[in-house]
Amino acid sequence: MPDTGGRSPAQVGQQIGGVWIVQVVQVAAQFVYAAVTGRLITPAGFGDYAVALAVFAIFGLLAVLGLGNAAARRSGDDEYGDRLLVTHAIALGLAVAVAVGVGASAFSRLWGVQTATSSVAVISIAIAFLPWATVLAGILRRQGRIREFNRATLVAGLTSVGLGLPAVWWIDEPWALCITPVLNQVLLTGLFGLRLGRRAMPVPSLRGARADVTFGAKSMTLSAVNQIAYYVPLWALSRFTTPAVLGSWNRAVAVGQLPLESATRAAVTVVFPFFRTRRDDPVAERRAWTDMLVAVALIVLPVSGVALPLIPAAVTYLLGSQWTLAASMAVWLWAAAAVTVLRTLLGAALEASNSFRPLWAAQGVLAIAYLVAAVGVWRTADWSWFAWAVVVASVASHAVQIVNARSGLDTSRLVGWYALATCGAVVGVVISVGITQLGLPDWADLFLGAGVVVAFIGVLWRRRNTIGPFARLGLKN
């Protein structure tokens, strides 16, 4: 079991819940943003935005260099060590941002969407601030200052959406969509900096952070494989289909992946620093890691099953009738995201405890699946290759994770509980399919589906004393 710094599992759960509430509010704000902008900007315009986000993700990863995770897992809490990481972050952010800004036209041509040049140039500003904000966030997480982290994240998220939305309406150009992520990074940096004071400021030296930078580079390399593998078939969508298909995929991600991704981010934000050290009892260690995965699976998989048949209605109801292709795509992304929640949690625990071998094996499976998808899109100009790949990659890579991390897991018990959670997901799908056959309006289908989810969570909560993983994690009455 990780060292929780004196905090009980219940307190850790409360912190995760706090971060998750912030994520829910931000997702709700993003849904409003998506609903409005989806009616202002065409699918082809969102293709420009998708290219900018892809450049931001790839080069932002290089700029961060894993320093956020390095800051979160540092064994010491000396101010100078943190300021060294801040210095590296600022230098890397500025260097990469300048390179992206100067090369905006070249990157747009590479993706086959020349109209995305302005969007890429604007998003480069966000890259300049991203590493700095990420390191400051890592420091707050390590210090257990989750409430301050939550407040800053919430204020930055809501303010950036509140200012970005009228900007899109007024400018009415695809590049205006990039104003929101730029504002978010600038505000996060400033708000985190206000809370950390001198610790958030650089020092006139880059020497002395070798161990932290080395860990960050290892962490970044692992993430880079995942990101590059994912963006190869996305690049194929851009080059061999149309900007409208790429834009539809972007909106499908916003609705079909973002909610579950946000819930995962909440858990990882709190839990990651706790896996820096291990307990002396390997049996307790195995039980704790297994219970963590089982508890999440018992919630996420059945809930995702209920939601799956309702996703197309959610997309068209939210974004408008012109996004029918995005509605079809979002179903696949939702299914993949449900399994990705489990894969990401186990991956975060392994990474924080410096156990990289199972992660590399899982990333190899991801890379193969996405490479096959890219070839399929290239040969057929059909987006469904990518859709199949995200599901297969999520399931297969998590299976490989478990096999390679079996010394730290009770695999037979984990597989048994996973089977039960999967059965719950199948039951959820059947219930929701029945709802869609009632002939009700989309809003009524969604309302009934939400009611099923609330009822299930309520039953699970009331029965938590009798469910071993929940009880052992400190969720008893």
Side-chain angles (χ1 to χ4, degrees), residues 3-7 11-12 14-16 18-19 21-23 25-26 60-61 63-97 125-160 181-213 215-216 219-220 265-266 268-276 348 352:
D3 176 10
T4 60
R7 276 160 279 188
Q11 289 173 313
V12 173
Q14 290 173 0
Q15 289 186 335
I16 292 173
V19 179
I21 289 171
V22 171
Q23 297 289 343
V25 173
Q26 290 202 97
L61 182 67
V64 171
L65 197 68
L67 295 181
N69 285 343
R73 75 179 296 276
R74 286 187 66 227
S75 56
D77 193 44
D78 60 293
E79 180 181 293
Y80 186 77
D82 284 340
R83 293 181 67 184
L84 274 175
L85 287 179
V86 166
T87 307
H88 280 84
I90 293 173
L92 285 167
L94 290 174
V96 175
I125 302 171
I127 294 175
F129 288 88
L130 175 64
W132 196 354
T134 304
V135 167
L136 300 184
I139 296 170
L140 289 172
R141 290 160 54 196
R142 187 190 72 237
Q143 294 179 341
R145 298 164 66 178
I146 301 302
R147 182 172 296 179
E148 294 174 69
F149 174 89
N150 286 344
R151 289 174 181 169
T153 302
L154 184 60
V155 170
L158 295 181
T159 304
S160 60
V182 169
L183 287 173
N184 190 54
Q185 293 305 318
V186 173
L187 290 169
L188 280 175
T189 304
L191 292 171
F192 289 157
L194 287 174
R195 282 155 176 77
L196 288 168
R198 278 174 48 84
R199 196 179 288 261
M201 303 305 295
V203 294
S205 174
L206 291 173
R207 296 182 180 180
R210 182 174 180 179
D212 291 329
V213 173
F215 173 83
S219 174
M220 183 277 295
R265 191 182 302 120
V268 171
T269 295
V270 177
V271 170
F272 184 90
F274 298 153
F275 285 91
R276 292 174 291 174

Shortest non-hydrogen contact from [X] toward [Y]:
X      : Y      : value
Pro202 : Arg83  : O-NH2, 3.0 Å
Val155 : Thr159 : O-OG1, 2.6 Å
Ala133 : Phe192 : O-CD1, 3.6 Å
Gly93  : Pro131 : CA-CG, 3.7 Å
Ala126 : Pro181 : CB-O, 4.0 Å

For the [atom1] atom of [X] and the [atom2] atom of [Y], what is their distance to the nearest 0.5 Å?
X      : Y      : atom1 : atom2 : result
Thr153 : Leu158 : OG1   : CG    : 10.5 Å
Arg195 : Gln143 : CZ    : CD    : 13.0 Å
Ile90  : Phe129 : CD1   : CZ    : 9.5 Å
Leu140 : Arg199 : CG    : CZ    : 9.5 Å
Gln185 : Ile125 : CD    : CD1   : 12.0 Å

Do [X] and [Y] make a side-chain contact, defined as non-hydrogen atoms from C-beta onward lying under 4.5 Å apart?
X      : Y      : result
Val86  : Leu136 : yes
Thr134 : Leu130 : yes
Leu194 : Glu148 : no
His88  : Leu67  : yes

Give a yes or no answer on whether the side chain of Arg198 reaches the backbone of Glu79 with a donor-acceptor pair at less than 3.5 Å.
no
If we ignore hydrogens and angles and just use 3.5 Å, is the side chain of Ser160 paired with the main-chain N or O of Gly157 as donor and acceptor?
yes
Among Val203, Val135, Asp77, exactly one meets side chain to side chain contact (heavy atoms under 4.5 Å, CB included) together with Asp82. Which residue is that?
Asp77
Sole candidate of Asn184, Val186, Leu191 that passes side chain to side chain contact (heavy atoms under 4.5 Å, CB included) when paired with Leu188
Asn184
Considering residues at least two apart in sequence or located in another chain, which fulfil the side chain to side chain contact (heavy atoms under 4.5 Å, CB included) criterion with Arg147?
Arg151
